[in-house]
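Sequence positions, counted from 1, serve as the residue numbers for this chain. Heavy atoms only: backbone and side chains are in, while hydrogens, waters and symmetry mates are out. We count ligands from 1, going down the list as the structure has it; atoms in each ligand are counted the same way. The shown structure was predicted, so the numbers you read here are calculated from the model rather than taken from an experiment.
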Amino acid sequence: MPILFKPLSIRSATLANRAVVAPMCQYAAVNGLAQPWHLMHYGSLMAGGVGMLVIEATGVEPIGRISPACLGLYDDACEAAFAQLVTTLKTFGDGLICVQLAHAGRKASTSLKTGTAYLPPAEGGWDLIAPSAIAFSDQWVAPQAASEEDLSRVESAFADAAIRAQRAGFDAIEVHSAHGYLLNQFLSPLANQRADHFGGSLENRMRFPLQVLQAVRAVWPQDKPLGFRISATDWKDGGFTPDEAVVYVKKVRELGYDFVCVSSGGMVPDAKIPGGEPGYQVALAERIKRETGILVRAVGMIANPTQAEEILEKGQADMIALGRGFLDDPHWVWHAAEALGVDMPYPFRYARAHPKLWPGARLARGGNS
Ligand SMILES: Cc1cc2nc3c(=O)[nH]c(=O)nc-3n(C[C@H](O)[C@H](O)[C@H](O)COP(=O)(O)O)c2cc1C
């Protein structure tokens, strides 16, 4: 059996296979609330048989959303919309449903007209907070340096959102500490130039993210998977480095986190990212796995089932996440099964109960029913 199709147990949950849908903003929410689009989009991915579905960056407070059309999990209405979404998604497949809890910090309030510029309050946006008053780019405004009160509010907002995620029926949480968003901003000297105990040394830069991660750990059930996402490098001199990422992941593992998704970049617009190469972040994932022992999810330009299987066989990662690959093909898992010679029945309930009668992946090669 290819490793991609070997189940993976994390705490009391089990992924039926190692293929994970990477979190991807849909910019389709209204006032933070999930809409029919989310049901259609995530529903098609669940029906495609994924091992885990990670729902897009979801703001823990309104000003933590990446854009006005991003999901939130900060009030009763958001929680109710998610509860309905999750309950319905669970009727479509066995995949674990994970939510990515996030705060965008200085990269919040993105204009949907351009996708790369700040939306001011007069046009429906909002003021920003971040570790230091340094703008993300010349298309953004300088944020307010967060006060101690801001930081304790954000920390509580992460914990409250985790409690809401539990009530809404999520199977797992992934805390977003990657891609230049708030927690990542604290880690990077390029965004964090604080003179207090949250800035300077690596120990100080990790302090706020670790407080948040600890607060989420404290309220999330012990039997459910808990993970986080990192940018293992800023790809920029003077920024966060892979050596620092190893130290950070070790600390988070000690807090009781089960998995990390190893991504990179997003801190500054002029980073030199070696894009274009398949699996360009896999070496970072491999190093984190080797040096920390935590379960690792690899991501980034992995779209081919053989490539995914090779990464797992070489022990470079434990799970494979695809973003654009799943947008291109919501039935990627089914097609991967076919490519790797695994029987995988059609997704509908009767076929799953009687896989010999309805061997979906094999029929995809040209048979008919
Ligand atoms: C449309 C889109 C939206 C994304 N939104 C998020 C997000 O909400 N959170 C996140 O951590 N990464 C986000 N990403 C990054 C993906 O999760 C993934 O890391 C990236 O696309 C690289 O994987 P790929 O080459 O398989 O697409 C997004 C990517 C795309 C294409």
What residue and heavy atom of the protein are closest to [atom], and at what distance?
| atom | result |
| --- | --- |
| atom 7 (C) of ligand 1 | P23 O, 3.4 Å |
| atom 26 (O) of ligand 1 | G323 N, 2.8 Å |
| atom 19 (O) of ligand 1 | R229 NH2, 2.9 Å |
| atom 22 (C) of ligand 1 | G300 CA, 3.9 Å |
| atom 3 (C) of ligand 1 | C25 N, 3.3 Å |
| atom 29 (C) of ligand 1 | M24 CG, 3.7 Å |
| atom 21 (O) of ligand 1 | R324 NE, 4.0 Å |

*For the pair D75 (side chain) and A77 (backbone), establish whether a donor and an acceptor sit closer than 3.5 Å, ignoring hydrogens and angles.*
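Side chain of D75 to backbone of A77: a pair is present.
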
*asked:* Under a 3.5 Å distance rule, please check whether N192 uses its side chain to pair with a backbone N or O of N204 as donor and acceptor.
replied: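 No, because the side chain of N192 does not come within donor-acceptor range (under 3.5 Å) of the backbone of N204.
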
With heavy-atom distances below 4.0 Å as the criterion, list the atoms of ligand 1 near [X].
| X | answer |
| --- | --- |
| Q100 | 7 (C), 8 (O), 9 (N), 10 (C), 11 (O) |
| L322 | 26 (O) |
| V299 | 19 (O), 23 (O) |
| A22 | 17 (O) |

Would the number of heavy atoms belonging to other residues, nucleotides or ligands and lying under 6.0 Å from [atom1] of [X] be above 12?
| X | atom1 | result |
| --- | --- | --- |
| K251 | NZ | no |
| D196 | CG | yes |
| Q307 | CD | yes |

*Would you indicate whether the side-chain heavy atoms of L73 and E79 approach each other to under 4.5 Å?*
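In short, these two side chains touch, coming nearer than 4.5 Å.
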
*Quick check: does E56 get an N/O under 3.5 Å from an N/O on ligand 1?*
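No; every N/O pair is 3.5 Å or more apart.
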
*Nearest protein heavy atom to atom 16 (C) of ligand 1: under 4.0 Å?*
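For atom 16 (C) of ligand 1 the answer is yes, since some protein heavy atom falls inside 4.0 Å.
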
_In terms of relative ring orientation, are W332 and F326 parallel, tilted or perpendicular, with 30° and 60° separating the classes?_
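The arrangement is perpendicular - the two ring planes meet at more than 60°.
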
*asked:* Would you say the rings of F92 and Y42 are close, in the sense that their centroids are separated by under 6.0 Å?
replied: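 No; F92 has its ring centre 6.0 Å or more from that of Y42.
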
*Are S264 and Q281 close enough that a side-chain donor and a side-chain acceptor fall under 3.5 Å?*
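Note: S264 and Q281 side chains meet the donor-acceptor criterion.
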
